[in-house]
Amino acid sequence: MERKNAWKSYTKTDEKKIEELCNGYKDYLFNGKTEREGTEYVINKAKAAGYISLDEAISKKKKLKAGDKIYAVCMNKTVALFNIGKKPLEEGMNILGAHLDSPRLDVKQNPLYENKDLCYLDTHYYGGIKKYQWVTLPLAIHGVVVKADGTKVNIVIGEDDDDPVFCVSDILIHLAQEQMVKKANVVVEGENLDLLIASRPIKISKKDKDSEKKSEKELVKQNVLQILKSKYDIAEEDFISAELEIVPAGKPRDMGIDKSMIIAYGQDDKVCAYTSLIAQLSVEKPERTSCTLLVDKEEIGSVGATGMQSKFFENSVAEILELAGYNSGLALRRCLASSFMLSSDVSAGYDPLYASCFEAKNAAFLGKGMVFNKFTGSRGKSGSNDANAEYIGKIRGILEKNKVYYQTAELGKVDLGGGGTIAYILSLYGMEVIDCGVAVLNMHAPWEITSKADIYETEKGYEVFLKECM
């Protein structure tokens with residue numbers, strides 16, 4: 001059952017569509033590196049396509065009907081889009097669900113310190129990373145600082161050509177004898193992932209010295225604080241109420257001499273978030289209500305108010321049902337239980353350089369289309385959602401009818417590892433769910449690789465799923 005390479009089938013028209021889709025995707029990757037930025041990007045696209053906020057619909061007591069478009073937001077980090085269909089909501093929705101967060105370094109609440117005339121920000125890594133991959137890279141700072149008076153300051157440093165970048169340093173090879181014999185998981189330790197941000201001391205005038213207005217201690221740190229005050233009007237205490245994320249600096253790039261791939265930060269899971277968004281916006285007047293759900297915190301277990309385990313999605317659907325004229329809790333249960341979902345998340349791409357980690361018959365290959373994982377979890381399918389054969393058959397029929405390239409895979413060899421998605425959480429409502437997304441090389445590394453063909457086929461697959469799954 002070897003799957004065919006999608007590139008072999010493309011016409012010039014297809015190739016043009018691929019480039020148009022992937023150019024938009026690269027723009028999203030650059031402008032949506034964090035979950036806050038991603039949510040803002042999605043909202044702007046939704047508004048341009050005629051969506052209105054759920055809060056506005058509630059305040060105006062809008063009576064929802066087929067063709068109405070609504071978006072709901074949770075704490076600026078999670079967003080859901082609904083395109084109301086012709087069929088009753090009690091008969092269920094077609095749902096795409098991806099996540100907006102990606103592995104990174106987070107700045108601690110008391111982060112700023114100086115050591116031997118070098119100034120650092122102390123960090124705590126987020127999600128599953130190989131810590132040694134995050135040293136000696138140009139890094140950027142993205143996020144928000146909220147001052148005690150409620151003023152919010154948006155921060156992006158390291159993305160413009162004139163911006164400085166930052167770095168986590170590493171020991172030179174000449175002095176790395178002890179480091180090189182350590183296991184990979186401790187060759188760089190978490191407490192050493194501190195961000196080097198400055199080395200220039202502040203100049204203290206004789207007047208300031210005489211008046212004792214400024215100390216001669218920690219002059220580099222004083223200079224940093226002066227810059228922060230001058231440029232952003234923030235003080236050291238404001239780090240307490242800040243969310244600052246350290247991510248790789250720079251734009252996504254075409255990869256390969258044939259430009260067949262994209263290399264970028266955060267493609268897990270932004271590649272599925274973007275293709276889900278485009279599919280959602282492309283569907284007009286669906287039979288069943290189409291929904292795209294883009295959540296936060298998947299990389300750390302889908303916890304918290306903005307993660308999939310929160311009540312945000314359930315509450316949003318309840319509000320939608322109320323506006324559509326359903327007044328019982330039973331309608332909510334029927335709607336969710338009758339829904340179909342593609343848990344839009346990436347899969348491990350087969351890497352010939354690490355062939356021993358994969359079972360090739362059940363691996364995802366770049367260029368062979370969207371990937372279905374019947375189950376995830378680890379070893380004996382622990383912690384997985386295991387999709388039903390009847391549902392897989394239904395999806396196959398839709399994809400084959402529409403000539404969408406697809407493949408099936410597992411996440412590496414049975415006893416070697418594993419992983420999870422949001423699929424099992426949504427399946428608890430009784431809905432049919434399967435994991436489905438794009439194959440990725442270097443998953444969870446600072447720079448990940450995807451195939452443009454797979455991005456194109458996945459968007460096509462998501463779109464026909466929203467239109468035709470009944």
Side-chain angles (χ1 to χ4, degrees), residues 1-6 96-99 102-103 127-130 267-269 271-272 275-276 298-299 301-302 308 340-400 404-427 431-445 448-451 453-455 457-458 461-462 465:
M1 291 199 301
E2 185 173 351
R3 315 307 288 181
K4 294 180 180 179
N5 190 308
L96 300 172
H99 65 92
S102 298
I129 66 170
K130 293 179 178 178
Q267 297 200 72
D268 176 8
D269 187 33
V271 66
C272 295
T275 47
S276 295
E298 191 275 345
E299 296 293 358
S302 297
M308 191 63 247
F340 299 124
M341 182 185 183
L342 297 183
S343 174
S344 312
D345 210 338
V346 296
S347 191
Y350 182 89
D351 190 333
L353 301 183
Y354 298 93
S356 63
C357 296
F358 299 89
E359 192 271 284
K361 297 193 309 303
N362 291 285
F365 292 84
L366 265 64
K368 295 191 176 182
M370 64 193 305
V371 184
F372 286 87
N373 292 89
K374 184 179 187 295
F375 48 84
T376 52
S378 58
R379 291 169 288 280
K381 299 187 181 180
S382 176
S384 75
N385 167 68
D386 199 344
N388 292 314
E390 292 87 349
Y391 184 46
I392 299 172
K394 183 189 295 286
I395 299 297
R396 281 183 59 205
I398 294 169
L399 298 180
E400 291 170 10
V404 177
Y405 280 76
Y406 72 92
Q407 54 187 317
T408 60
E410 295 185 17
L411 192 61
K413 285 186 174 177
V414 173
D415 285 330
L416 200 58
T421 68
I422 65 172
Y424 78 96
I425 303 171
L426 274 298
S427 70
M431 69 176 69
E432 297 275 16
V433 185
I434 188 170
D435 285 297
C436 171
V438 175
V440 175
L441 295 180
N442 303 350
M443 191 191 298
H444 280 215
E448 299 169 320
I449 300 167
T450 55
S451 164
D454 297 335
I455 296 168
E457 295 299 325
T458 299
Y462 288 167
F465 163 78

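We use all heavy atoms of the structure for the numbers below, so side chains are in, but hydrogens, waters and symmetry mates are not.
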*Below 4.5 Å, heavy atoms only, C-beta onward: do Phe372 and Leu342 meet side chain to side chain?*
yes
*Minimal non-hydrogen separation, Thr458 against Gly437, with atom names*: OG1-O, 3.7 Å
*If we only count heavy atoms from C-beta on, is the Thr376 to Leu411 side-chain gap below 4.5 Å?*
no
_Residue pair Asn388, Glu432: steps toward the side-chain contact (heavy atoms from CB on, under 4.5 Å) verdict_ = CA-CA 7 Å; Asn388 292 314; Glu432 297 275 16; 3.0 Å; yes
*Please round to the nearest 0.5 Å and tell me the distance separating atom CD1 of Ile455 and atom SG of Cys272.*
9.5 Å
*So do Phe365 and Gln407 actually touch side chain to side chain, heavy atoms under 4.5 Å?*
yes
*Taking the side chain as every heavy atom from C-beta outward, state whether Met341 and Ile422 have any atom pair closer than 4.5 Å.*
yes
*Backbone N/O of Val438 and side chain of Asp454: donor-acceptor pair under 3.5 Å*: no
*Got a sec: does the CD of Glu2 have more than 12 other heavy atoms crowding it under 6.0 Å?*
no
*Verify side-chain contact (heavy atoms from CB on, under 4.5 Å) between Val346 and Val271, making sure each step is shown before the conclusion.*
CA-CA 8 Å; Val346 296; Val271 66; 3.5 Å; yes
*Does any non-hydrogen side-chain atom of Leu426 lie less than 4.5 Å from one of Met308?*
yes
*So, Glu298 side chain and His99 main chain: donor-acceptor pair closer than 3.5 Å or not?*
no
_Backbone N/O of Tyr405 and side chain of Glu457: donor-acceptor pair under 3.5 Å_ = yes
*Does Asp351 use its side chain to pair, donor to acceptor, with the backbone of Leu353 at less than 3.5 Å?*
yes
*Closest heavy-atom pair and its distance - Ser384, Tyr424*: C-CB, 4.4 Å
*Compare every heavy atom of Ala409 with every heavy atom of Ala364, then report the nearest pair and how far apart it is.*
N-CB, 3.5 Å
*When you look at NZ of Lys413, are more than 12 heavy atoms from neighbouring residues, nucleotides or ligands closer to it than 6.0 Å?*
yes
*asked:* Taking the side chain as everything from C-beta on, heavy atoms only, tell me whether Val371 gets closer than 4.5 Å to Asp435.
replied: no
*asked:* For the CG atom of Asn385 and the OG1 atom of Thr421, what is their distance to the nearest 0.5 Å?
replied: 7.0 Å
*asked:* Quick check for you: to the nearest 0.5 Å, what is the distance between Glu448 atom CD and Asn442 atom CG?
replied: 7.5 Å
*Check whether any side-chain N or O of Ser102 sits under 3.5 Å from a backbone N or O of Asp268 as a donor-acceptor pair, and report yes or no.*
yes
*Go through Lys374 and Asp386 one step at a time and tell me if the salt bridge (charged side-chain N to carboxylate O under 4.0 Å, His left out) criterion holds.*
CA-CA 6 Å; Lys374 184 179 187 295; Asp386 199 344; 2.6 Å; yes
*Is Phe358 close to Glu410 at the side-chain level, that is, under 4.5 Å between some pair of heavy atoms?*
no
*Is the closest side-chain heavy-atom distance between Leu399 and Met370 below 4.5 Å?*
yes
*Of all heavy-atom pairs between Ala439 and Thr450, which one has the smallest distance, and what is that distance?*
O-CG2, 3.9 Å
*asked:* Taking the cut-offs as 6.0 angstrom to the six-membered ring centre and 45 degrees off its axis, would you call Arg3 and Tyr406 a cation-pi pair?
replied: yes
